[in-house]
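Here is the naming used below: chain letters follow the sequence lines, and residue numbers restart at 1 for every chain.
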Amino acid sequence: MAALWVTTYGGIVVETELDVTYAAIMDEIVATGVAPHYAELAPLLQISPEEVLRRINRIMAMTPGWMAPGTDYIASFPPFNNQPTPYRISVRGHQRWFAQCGFEALACCWMFPGETVSIDAPCLLGEEPLHLEMKDGDLLLSEPATVVGYTRSRLGMQEPDQPFR
Amino acid sequence: MNLFRSEQHAKRWNEWEESMAQTLHPVEWWIETFRNPLFRNRSRPDYLTWLATDEGTSATMEFAHRLEQ
């Protein structure tokens with residue numbers, strides 16, 4: 001774990017430099033739908049761009065996110081994806097976000113507490129699209145009512161080079 | 001990790017693999033799976049630190065066990 005940066009809550013360490021960086025990235029994606037470039041975070045975090053990039057790479061090693069191959073750009077920061085996917089996420093009528101995958105689309109509602117989150121996706125067989133609405137983890141609407149999830153890939157948190165891909 | 005209109009649609013998908021059929025569940029089952037604190041807590045300011053706590057480790061194990069069902 002990273003060096004300590006902030007200590008609060010009666011002496012219990014609640015934030016590290018990686019926590020602060022993770023939260024800054026997530027906040028930006030939630031606000032805009034787009035993951036920030038590491039240089040954009042430097043003034044916000046008051047550290048060098050190189051240090052931001054170092055932290056981002058460490059965060060990617062700890063979570064099921066990843067960088068675009070051969071670049072220093074954030075490609076996926078679950079539950080969101082910087083590159084468009086079939087899973088469009090809308091809040092208050094604005095479609096600004098893409099989910100990392102169909103399953104992570106179901107977790108996007110946790111990033112918008114109290115809001116109705118819409119998930120729109122095409123049918124992978126080319127038939128009618130599907131539409132879900134969720135709020136705080138509850139399914140409000142499923143069109144059609146028969147929607148299922150399926151993966152042919154392993155998922156989970158124990159194989160760092162595989163999860164959610 | 002995809003969503004389909006129905007079980008029949010999933011099984012007609014050209015990338016369907018019968019060996020992974022155990023991952024086919026109604027969307028409600030996957031919603032319950034993604035209620036795990038691993039996903040609910042991503043907006044915590046101390047999320048990465050939390051992941052390493054007993055609570056975070058327990059949530060990770062719970063998620064893994066759920067996927068084995």
Side-chain angles (χ1 to χ4, degrees), chain A residues 1-2 6 9 13-16 18-23 26-27 30 58-59 62-63 78-79 86-87 100-111 113 119 121 123-125 127-130 132 134 137-139 142-144 146-158 164-165, chain B:
Chain A
M1 187 56 71
V6 177
Y9 289 85
V13 175
V14 296
E15 295 188 20
T16 69
L18 294 188
D19 283 321
V20 171
T21 306
Y22 179 95
M26 190 64 86
D27 288 350
V30 169
R58 291 189 63 193
I59 290 170
M62 299 167 65
T63 64
Y87 300 99
Q100 186 188 66
C101 65
F103 295 175
E104 284 283 7
L106 307 175
C108 286
C109 60
W110 301 120
M111 308 312 300
I119 303 166
C123 170
L124 294 176
L125 281 70
E127 299 181 12
E128 292 295 309
L130 57 88
L132 303 173
M134 296 184 65
D138 292 327
L139 180 64
S142 175
E143 294 178 342
T146 53
V147 171
V148 299
Y150 164 76
T151 177
R152 60 184 181 84
S153 307
R154 285 186 55 84
L155 80 171
M157 302 293 284
Q158 296 178 339
F164 302 102
R165 300 183 190 203
Chain B
M1 292 124 205
N2 287 299
L3 301 176
F4 295 87
R5 290 179 60 83
S6 71
E7 179 178 335
Q8 292 71 30
H9 284 78
K11 291 182 174 177
R12 284 167 45 212
W13 186 35
N14 63 1
E15 295 186 34
W16 168 265
E17 290 183 14
E18 186 62 31
S19 64
M20 295 297 287
Q22 74 277 8
T23 71
L24 179 65
H25 294 288
V27 71
E28 291 84 356
W29 189 93
W30 285 110
I31 287 172
E32 182 62 30
T33 301
F34 280 77
R35 281 201 182 104
N36 183 294
L38 284 177
F39 310 101
R40 299 178 66 146
N41 284 346
R42 280 173 171 156
S43 57
R44 285 178 64 130
D46 63 340
Y47 179 67
L48 298 178
T49 295
W50 174 83
L51 275 180
T53 64
D54 289 347
E55 197 176 318
T57 302
S58 175
T60 301
M61 292 178 64
E62 181 184 321
F63 180 60
H65 290 153
R66 171 102 174 154
L67 296 180
E68 291 170 1
Q69 292 180 17

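- Checked by atom type and distance alone, the side chain of A:D19 pairs as donor or acceptor with a backbone atom of B:L48 at under 3.5 Å.
- When all heavy atoms of B:T23 and A:Y150 are compared, the pair lying nearest together is OG1-CD1, 3.2 Å.
- In this structure, no portion of A:P86 lies under 4.5 Å from any heavy atom of chain B.
- Closest of all the heavy-atom pairs between B:L3 and A:G149 is CD2-CA, 4.1 Å.
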- Show your working on ring pair (Phe, Tyr, Trp, His ring centres under 6.0 Å) between B:F39 and A:W110 and close with a plain yes or no. CA-CA 7 Å; B:F39 310 101; A:W110 301 120; 9.3 Å; no
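- Considering all non-hydrogen atoms of both residues, B:H9 and A:L125 come closest at O-CD1, 3.5 Å.
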- Task: Take A:M111 and B:R42 through the side chain to side chain contact (heavy atoms under 4.5 Å, CB included) test and state the conclusion after the steps.
- Result: CA-CA 7 Å; A:M111 308 312 300; B:R42 280 173 171 156; 3.8 Å; yes
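- Contact of B:E28 with chain A is made through the side chain alone, with heavy-atom distances under 4.5 Å.
- Separating the CG atom in A:L132 from the CD1 atom in B:I31 is a distance of 6.5 Å, to the nearest 0.5 Å.
- Proximity to chain B (any heavy atom under 4.5 Å) is shown, for A:D27, by neither the backbone nor the side chain.
- Here the closest heavy-atom approach between residue B:A10 and residue A:V148 is recorded as CB-CG2, 4.2 Å.
- The backbone N or O of A:E128 lies less than 3.5 Å from a partner atom in the side chain of B:R5, making a donor-acceptor pair.
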